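Written below as structure tokens is the structure these notes are about.
The first residue of the sequence shown is numbered 1, and numbering continues consecutively from there. Being a predicted model, the structure only gives us computed values, none of them experimental.
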Amino acid sequence: MSARLYLVRHFAPTVAEGICYGQTDLAVNRIEHDDKLPRLRAQLPSGVPLFSSPLRRCAQLAGSLGGAVCFDARLSELNFGAWEMRRWEDIARADIDAWAFDVVHYRPGGGESVHDMALRVASFYSELRAKVRGDAVVVCHAGTIRLLAACHRGLAPLEMATEAAARAHRIGYGEVVVLDCV
């Protein structure tokens, strides 16, 4: 039996342009949420297991999709530590350069590395595939979606992190990425 995993990126959070945020618990503009929700809902199956990052921008959306939501912190975005909610231009150039030199292992702002995040995302994916045999919906973040897709292709956490760090994402707010599972 074929199954699908629907990975949904949250709607745009209420944060100024040029601000570093990852695990900061940001809300989404309610008007934008209400406007975009019907189109998103039409793309998703109903009555399937629903998982979500516990961060408000995901939790709000997941709660609006209907049904019981299983919140899992492993689906959270990268923790940028002391960089959270700082303007990118206010972060020391030497710190940005250190991260650019080793995106996979560097812990920006003392937070977590992309490899750390890949380990927790791989743990979630493994548990999900063991428990859920049919379709499922996961509401999360662009970084999480990229890592889940890499894990789905069979990459190990270090490879997942390396691939995710190699190029910028192009996953829009409210976008759905569908993974076919065998």
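Annotation: side-chain hydrogen bond (donor to acceptor under 3.5 Å, both in side chains) contacts of Arg4 (sequence neighbours excluded): Asp180. When the side-chain contact (heavy atoms from CB on, under 4.5 Å) test is applied to Glu84, the partners found at least two apart in sequence or on another chain are Tyr21, Gln23, Thr24, Asn79, Phe80. With sequence neighbours excluded, the residues that form a side-chain contact (heavy atoms from CB on, under 4.5 Å) with Ala12 are Glu32, Tyr173. Residues that satisfy the side-chain contact (heavy atoms from CB on, under 4.5 Å) test with Arg87, not counting sequence neighbours, are Ile19, Glu89, Asp90. Arg41 meets the side-chain hydrogen bond (donor to acceptor under 3.5 Å, both in side chains) test with no other residue; sequence neighbours excluded. Every residue meeting the side-chain contact (heavy atoms from CB on, under 4.5 Å) condition with Ser123, not counting sequence neighbours, appears here in chain and number order: Arg74. Residues passing the side-chain hydrogen bond (donor to acceptor under 3.5 Å, both in side chains) test with Tyr6, sequence neighbours excluded: none. In this structure Asp102 satisfies the side-chain hydrogen bond (donor to acceptor under 3.5 Å, both in side chains) test together with His105, sequence neighbours excluded. Arg170 is linked by a salt bridge (Lys or Arg N to Asp or Glu O under 4.0 Å) to nothing, counting only residues two or more places apart in sequence or in another chain.
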Carefully, step by step, assess Gln60 and His10 under the rule side chain to side chain contact (heavy atoms under 4.5 Å, CB included). CA-CA 9 Å; Gln60 178 183 359; His10 58 80; over 6 Å; no
Stepwise, does the side chain to side chain contact (heavy atoms under 4.5 Å, CB included) test hold for Arg57 with Thr14? CA-CA 9 Å; Arg57 56 194 185 266; Thr14 54; over 6 Å; no
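In the hydrophobic cluster analysis, where Ile, Leu, Val, Met, Phe, Trp and Tyr join through side-chain heavy atoms closer than 4.5 angstrom, Leu155 is grouped together with Val121. Residues Tyr125 and Val132 share a single hydrophobic cluster, defined by chaining ILVMFWY side chains whose heavy atoms lie under 4.5 Å apart. Under the 4.5 Å side-chain heavy-atom criterion for grouping Ile, Leu, Val, Met, Phe, Trp and Tyr, Val103 is connected to Met117 within one hydrophobic cluster. Follow the hydrophobic side-chain contacts under 4.5 Å out from Leu148 and you never reach Phe71; the two are in separate clusters. Residues Leu44 and Leu50 share a single hydrophobic cluster, defined by chaining ILVMFWY side chains whose heavy atoms lie under 4.5 Å apart.
When all heavy atoms of Cys58 and Ser53 are compared, the pair lying nearest together is CB-O, 3.6 Å. A pairwise comparison of heavy atoms in Leu119 and Pro157 identifies CD2-CB, 3.6 Å as the closest pair. The nearest pair of heavy atoms linking Ala136 to Val48 is CA-CG2, 4.1 Å. The nearest pair of heavy atoms linking Cys140 to Leu75 is CB-O, 3.8 Å. The minimum heavy-atom distance linking Ile171 with Ala142 is given by the pair CD1-O, 3.9 Å. Listed here is the closest heavy atom pair of Ala59 and Pro54: CB-O, 3.9 Å.
One distance of note links CZ of Arg153 with CE of Met160; it measures 9.5 Å at 0.5 Å rounding. In this structure, CD on Glu112 lies 9.0 Å from CD on Glu77, to the nearest 0.5 angstrom. Atoms NZ and SG, on Lys131 and Cys70 in that order, are 6.5 Å from each other to the nearest 0.5 Å. Note that the NE2 atom of His115 and the CZ atom of Arg107 stand 10.0 Å from one another [nearest 0.5 Å].
Put simply, the residue from Val69, Val28, Leu40 that forms a side-chain contact (heavy atoms from CB on, under 4.5 Å) with Leu61 is Leu40. For the pairing with Val139, the side-chain contact (heavy atoms from CB on, under 4.5 Å) check across Leu55, Val8, Thr144 returns one residue only, Val8.
No side-chain heavy atom of Arg133 sits less than 4.5 Å from a side-chain heavy atom of Cys181. Looking only at side-chain heavy atoms (C-beta outward), Arg9 and Ile145 come within less than 4.5 Å of each other. Counting heavy atoms from C-beta outward, Leu128 and Leu5 have side chains that approach closer than 4.5 Å.
Salt-bridge check for Asp116 with Arg120: failed, with every basic side-chain N at 4.0 Å or more from each acidic carboxylate O.
By the 4.5 Å side-chain criterion applied to Ile, Leu, Val, Met, Phe, Trp and Tyr, Leu158 is assigned to a cluster that also includes Val104.
Applying the ring pair (Phe, Tyr, Trp, His ring centres under 6.0 Å) definition to pairs two or more places apart or across chains, those involving residues 24-69 are Phe11-His33, Phe51-Phe124.
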Which atom pairs, one a donor and one an acceptor, fall under 3.5 Å between side chains of residues 94-101 and the rest of the protein, sequence neighbours left out?
| residue | atom | partner | partner atom | Å |
| --- | --- | --- | --- | --- |
| Asp97 | OD1 | Arg93 | NE | 3.1 |
| Asp97 | OD1 | Arg93 | NH2 | 3.1 |

